[in-house]
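A quick write-up on the structure given underneath.
Values reported hereafter were calculated over all heavy atoms of this structure, with side chains retained and with hydrogens, waters and symmetry mates removed.
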Amino acid sequence: MTGNSVKQRKILAVVTNYGVEQDELLVPLEQLRGAGVQVDVAAVSMDDIVTLVGDKDPGKTVRPDLTLADADPADYDLLLIPGGTLNADTLRLQSATTGIIRSFTDSGRPVAAICHGPWALVEAGVVTDKRLTSYASLRTDIRNAGGEWADEPVVTDGSGGWTLITSRNPGDLEPFVREISTALGASLT
């Protein structure tokens, strides 16, 4: 990724069409796009993405840029996996999701996941020997999958040939987005 301008940086955000935590999708989108990063949102279908606030209250609606099936992971520098319990639980059951995750990790490109988003990483089998955080209820799942769970606002682990950036919840978005920006060499204004 060295030698490229920020405007050439591309992030792929993967979500389902219902249940993604509003701020875990929209805050990174707005801040990173504001820094000149291209962020494409891939959903299960091209139907509107209905976000939720706190897993229960209706949030904003977002138009996806493409579907998970149409996303070519090779076109992107970083993978973003927002949370939301319903989103993450459904997302991890999509075979396209695990394929996208493995494409990033196998090629050494960074992955960023927040809140319940690491469930998809567990499903893809990529957390072994990684240190990460998440919503507290995923702690046992992560440990059972061979990862080391930490209760910290943001955890960045560069071991195993790829970088993993994780955070616990929407309250950790500031350090989470900052770490994503750092991984891309972008500057947030």
Measuring only between side-chain heavy atoms, which start at C-beta, is [X] closer than 4.5 Å to [Y]?
| X | Y | value |
| --- | --- | --- |
| I142 | S134 | yes |
| L173 | P28 | yes |
| V41 | L29 | yes |
| I165 | I114 | no |
| L184 | V37 | yes |
| T51 | T61 | no |

What heavy-atom pair brings [X] and [Y] nearest, and what distance separates the two atoms?
| X | Y | result |
| --- | --- | --- |
| A113 | F176 | O-CE1, 3.5 Å |
| P175 | P153 | CG-CB, 4.2 Å |
| A42 | L12 | CB-CD1, 3.8 Å |
| I81 | G117 | CG2-O, 3.6 Å |
| D47 | N17 | O-ND2, 2.7 Å |
| V39 | A13 | CG1-CB, 4.5 Å |

Exercise for the section: Start with the C-alpha gap between T67 and V44, add the side-chain angles, then the distance that decides, and say whether side chain to side chain contact (heavy atoms under 4.5 Å, CB included) holds. Expected result: CA-CA 5 Å; T67 66; V44 176; over 6 Å; no
For [X] and [Y], which I'm curious about, is there any donor-acceptor pair between the side chains at under 3.5 Å?
| X | Y | result |
| --- | --- | --- |
| D141 | W119 | yes |
| N87 | Y18 | no |
| E179 | T156 | yes |

Test item: [X] side-chain N/O and [Y] main-chain N/O as donor-acceptor pair under 3.5 Å:
| X | Y | value |
| --- | --- | --- |
| T163 | P110 | no |
| D48 | R63 | no |
| R109 | S103 | yes |
| E21 | G54 | yes |
| K130 | D157 | yes |
| D77 | K10 | yes |
| T128 | A145 | yes |
| Q22 | L52 | no |

To the nearest 0.5 Å, what is the distance between [atom1] on [X] and [atom2] on [Y]?
| X | Y | atom1 | atom2 | answer |
| --- | --- | --- | --- | --- |
| T105 | W162 | OG1 | CH2 | 5.5 Å |
| L164 | L132 | CG | CG | 5.5 Å |
| T16 | R92 | OG1 | CZ | 12.5 Å |
| L138 | N144 | CG | CG | 11.5 Å |
| L91 | L68 | CG | CG | 6.5 Å |
| L66 | D75 | CG | CG | 9.5 Å |

Handout entry: Candidate pair S137 and H116, rule side chain to side chain contact (heavy atoms under 4.5 Å, CB included), full reasoning
Key = CA-CA 8 Å; S137 65; H116 287 82; 3.6 Å; yes
Give the cluster check for [X] versus [Y]: same hydrophobic cluster or not, with ILVMFWY residues linked at side-chain heavy-atom distances below 4.5 Å.
| X | Y | value |
| --- | --- | --- |
| V15 | L80 | yes |
| I11 | I49 | yes |
| V20 | L86 | no |
| V154 | Y135 | no |
| V111 | W149 | yes |

Exercise for the section: Answer yes when D172 and R168 have at least one side-chain N-carboxylate O distance shorter than 4.0 Å, and no when they do not. Expected result: yes
Practice task
Taking only Lys NZ, Arg NE, NH1 and NH2, and the carboxylate oxygens of Asp or Glu, determine whether E152 and R131 approach each other closer than 4.0 Å.
Solution key: yes
Handout entry: Other residues, nucleotides, ligands: >12 heavy atoms within 6.0 Å of D72 CG
Key = yes
Handout entry: Residues I101, V126; criterion side chain to side chain contact (heavy atoms under 4.5 Å, CB included); working and verdict
Key = CA-CA 8 Å; I101 291 168; V126 298; 3.9 Å; yes
